[in-house]
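Below is one structure, written out as structure tokens; comments come after it.
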Amino acid sequence: MAILEVKGVNKRFGGLAALSDVNLSVQESTVHAIIGPNGAGKSTLLNCLVGKLMPDSGSVMFDNQSVLGRKPHEINQMGISRVFQTPEIFGDLTVLENIMIPCFARRDGAFRMHAFEQFANETELIDKSDAILSDVSMTDQRDAHAASLSRGDKRRLEMAMCLVQEPRLLLLDEPTAGMARADTNNTIDLLKEINGKRDITMVIIEHDMHVVFSLAERITVLAQGTPLVEDTPDNIKGNPKVQEAYLGESQN
Amino acid sequence: MLGLNNKDTSLFLVIIVLTILAPVLLNPFPTESTLAQFNAGYPDLMQKFVVFGIFAIGFNILFGLTGYLSFGHAAFLGVGSYSAVWIYKLFTYNVIPALILAVIVSGIFAVLIGYVSLRRSGIYFSILTLAFAQMSFALAYSVLSNPKFNLTNGETGLQIYANDLQLFHREGLPDFPHLFGLSMVSTYKLGVGPWEFQLNVAYYFCAIMMILAFYFAIRLFRSPFGMMLRAIKSNQQRLNYTGLNSRPYMLAAFVVSGMYAGLAGGLLAVTDPLAGAERMQWTASGEVVLMTILGGTGTLIGPVLGAGFIKYFENIFSKINDQVLHQWFTFLPDGIEDVLVAIVHPFIGKGWHLTLGILFMLVVIFLPGGLVEGGQRIARLLRRLSNRDKAADATNVSAE
């Protein structure tokens with residue numbers, strides 16, 4: 001069953017057609033990668049999915065409900081979490097607090113005035129956060145300031161923040177950009193585990209083909225705002241159109 | 001204790017002890033000594049310390065936690081004062097209903113102003129709040145004080161007249177704001193040797209209010225709500241993409257902060273039953289920003305320190321004039337004395353703003369965390385020195 005259904009989405013920025021007639025269907029419990037050269041419209045598409053941008057036309061359905069016109073926090077409450085290209089975390093807060101915030105969002109909804117409760121008494125949520133921290137092996141940094149983490153750790157923290165919400169769909173915008181090979185492999189393992197154990201559908205935008213072919217079950221290739229082809233990784237590898245538009249450049 | 005962790009409990013206890021002992025601690029110089037003019041332990045000034053302390057604590061909930069800089073907070077202060085005085089005029093001099101109305105009305109004002117202003121962030125938010133405050137000032141100063149509908153009594157300010165209704169005012173009750181008959185103006189003078197300490201009812205009433213306000217602020221800082229506000233300051237985008245709607249959080253913070261200001265405004269009318277439009281002017285809004293930044297933005301104790309510091313300067317430094325300076329430098333030869341007085345002259349008396357401005361600049365440049373950071377640095381330095389001494393002792397011992 002398709003959990004995410006994008007139909008005929010168009011988005012123009014002035015004279016530039018960032019997305020033209022994009023169709024995309026993501027099956028539940030799969031990892032779906034979107035690849036394409038720079039400027040192909042990958043991030044624009046992602047922004048349309050999370051409510052950051054409003055497409056000029058077309059429809060985006062998540063679990064048979066339209067996400068268009070909804071605010072980012074509403075879309076998140078529907079079960080879509082997003083990992084950004086540059087890690088977006090709460091730098092002034094500790095690692096634990098960073099994880100606690102999505103826990104509150106999950107439990108209490110978009111707003112609750114809990115001015116008299118005590119943070120320290122939320123043992124259930126603290127335990128849940130600690131469990132996630134140990135899953136991403138960050139228990140040691142629990143009380144560190146998030147801003148002081150390395151870039152790789154910030155990414156892992158951001159992923160943990162998304163995971164603790166138990167989303168149904170996780171959108172990842174270049175999750176391994178700027179990572180060393182060892183870190184990249186750790187991230188791949190982590191993502192595999194997320195998809196397998198937690199049964200979270202993932203849409204992943206990635207430049208690193210090693211990551212894409214290790215993870216993806218379906219791949220959509222975008223070029224100049226239009227989907228060029230959608231297929232399994234093996235077929236994509238051999239597709240001459242893709243070679244020409246994208247892989248060809250990087251392989252030569 | 002009271003749902004606070006150990007560190008906060010000790011801070012809270014320190015605040016309680018300091019406020020209770022303030023009339024003694026702020027009067028270190030005997031009445032007859034030449035330094036007596038540096039004594040700050042007189043009711044009028046002490047009341048200002050705690051009232052503006054409340055104002056700054058509330059402002060810090062908005063600015064310190066969420067990073068939204070309101071340049072119009074004095075509007076709520078003024079609204080609080082006007083509300084309180086209206087209770088005096090119409091019903092009773094009892095301060096409890098006056099304060100309740102002050103807090104409620106300022107809260108309503110904050111909802112309206114906050115709802116509009118919070119549509120923007122950064123400098124635009126600041127300018128919107130400033131615009132609202134200046135509008136409130138203009139309304140209070142002229143528009144709402146025409147003969148047909150006189151809500152604010154314009155330039156003169158709202159005060160109580162003999163022919164006011166005062167529905168529940170009875171014979172035997174003081175003709176001044178009172179707490180169930182206990183007049184706010186009554187002061188017990190405690191003479192100890194050459195010292196004289198003034199224990200004033202209004203001061204202690206305001207001090208209790210400040211202690212309550214401080215307690216509520218600690219709880220709020222440590223609550224999940226406080227954490228959400230810090231998250232807004234840190235990364236509002238992430239908060240939204242995490243399924244939280246930042247707008248109601250911001251509005252709640254703005255309203256709480258406005259109610260603190262309203263309480264402070266009401267208390268100003270407790271210590272002195274009149275309300276003037278100048279309380280809403282942008283300089284008053286700017287003052288609370290200075291207090292908070294000077295003391296330490298986002299810290300619990302900082303705003304109180306900042307408020308005390310600025311009010312002390314305003315009242316004590318402004319009183320030093322050339323004559324006093326001549327007295328101080330009288331031991332120097334005449335020529336040098338005159339030159340010194342001429343050099344110091346611009347910084348004292350009416351020039352206290354200049355001194356305050358320079359100090360503010362120094363703090364912002366060298367101590368971005370305000371006076372609190374200054375204190376922390378000194379504590380760290382002392383600790384390092386004592387550690388070094390210990391280390392030196394240890395090496396001496398081992399050398400022996």
Side-chain angles (χ1 to χ4, degrees), chain A residues 46-47 50-52 71-84 86-94 96-122 125-126 145-147 154 157-158 161-162 164-165 167 171 173, chain B residues 1-9 58 61-62 64-67 107 111 118 212-213 215-257 259-260 297-299 369:
Chain A
L46 209 60
N47 284 335
V50 293
K52 193 172 184 183
K71 299 223 171 77
H73 70 266
E74 292 169 332
I75 293 176
N76 176 282
Q77 291 281 353
M78 290 168 77
I80 303 182
S81 282
R82 173 177 181 178
V83 174
F84 285 81
T86 42
E88 292 278 348
I89 53 173
F90 303 110
D92 301 336
L93 273 53
T94 67
L96 179 71
E97 287 170 329
N98 266 275
I99 308 277
M100 291 287 280
I101 287 174
C103 286
F104 280 114
R106 172 91 178 138
R107 191 190 69 185
D108 300 336
F111 172 72
R112 188 170 140 207
M113 180 90 189
H114 26 37
F116 267 119
E117 285 146 45
Q118 282 170 56
F119 182 74
N121 287 352
E122 304 282 357
L125 295 190
I126 292 178
H145 257 99
K154 281 181 184 163
L157 174 60
E158 197 186 16
M161 288 163 73
C162 290
V164 82
Q165 291 197 300
L171 306 173
D173 196 351
Chain B
M1 192 187 80
L2 295 167
L4 303 180
N5 63 29
N6 290 340
K7 208 174 147 203
D8 293 337
T9 308
I61 289 175
L62 182 70
L65 287 179
T66 71
V111 171
L118 287 169
L212 289 177
Y215 173 71
F216 182 68
I218 303 181
R219 288 296 298 265
L220 198 143
F221 265 63
R222 303 287 179 246
S223 70
F225 178 71
M227 188 178 66
M228 295 300 175
L229 298 183
R230 285 188 292 134
I232 288 176
K233 184 179 187 178
S234 185
N235 191 341
Q236 195 168 164
Q237 164 158 290
R238 178 29 97 190
L239 196 73
N240 288 330
Y241 285 101
T242 305
L244 290 154
N245 191 356
S246 52
R247 285 282 293 284
Y249 281 104
M250 293 294 318
L251 187 61
F254 192 82
V255 172
V256 169
S257 170
M259 285 163 97
Y260 265 80
T297 315
T299 60

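Residue numbers begin at 1 in each chain, while the letters A, B, ... track the order of the sequences. Note: hydrogens, waters and symmetry copies are ignored here, and every other heavy atom, side chains too, is used.
The contact between A:Ile89 and chain B is made entirely by backbone atoms, counting heavy-atom distances below 4.5 Å. Of the two parts of A:Glu122, only the side chain, counted from C-beta on, holds a non-hydrogen atom closer than 4.5 Å to a non-hydrogen atom of chain B. Only the backbone of B:Arg222 comes within contact range of chain A, with heavy atoms under 4.5 Å apart. Contact annotation for A:Val83: only backbone heavy atoms (N, CA, C, O) come within less than 4.5 Å of a heavy atom of chain B. In this structure, no portion of A:Met78 lies under 4.5 Å from any heavy atom of chain B.
Using a distance-only test at 3.5 Å, with no hydrogens or angles considered, a donor-acceptor pair links the side chain of B:Tyr249 to the main chain of A:Arg112. A donor-acceptor distance shorter than 3.5 angstrom exists from the side chain of A:Gln165 to the backbone of B:Thr242, with no hydrogens or angles considered.
Rounded to the nearest 0.5 Å, atoms CE (A:Met100) and CE (B:Met227) are 5.5 Å apart. Atoms NE2 and CG, on A:His73 and B:Leu239 in that order, are 10.0 Å from each other to the nearest 0.5 Å.
Minimum interatomic distance between B:Ser234 and A:Gly91 (heavy atoms only, all atoms of both residues): OG-N, 2.9 Å. Contact between A:Ala115 and B:Ser223 at its shortest, heavy atoms only, is O-CB, 3.2 Å. The minimum heavy-atom distance linking B:Leu244 with A:Ala105 is given by the pair CG-CB, 3.6 Å. B:Pro224 approaches A:Phe119 most closely through the heavy-atom pair CD-N, 3.8 Å. Across all their heavy atoms, B:Tyr241 and A:Val50 have their closest contact at CE2-CG2, 3.5 Å.
Here the side chains of A:Lys71 and B:Asn240 are not in contact, with every heavy-atom distance at 4.5 Å or above.
None of B:Arg238, B:Arg230, B:Met228 except one satisfies the side-chain contact (heavy atoms from CB on, under 4.5 Å) rule with A:Ile101; the exception is B:Met228.
Checked against a 6.0 Å centroid threshold, the rings of A:Phe116 and B:Phe216 count as neighbours.
In terms of heavy-atom pairs under 4.5 angstrom with chain B, the leader among A:Gln77, A:His114, A:Glu88 is A:His114. Of the listed residues (B:Ala252, B:Gly3, B:Gly226), the one with the most heavy-atom contacts under 4.5 Å to chain A is B:Gly3.
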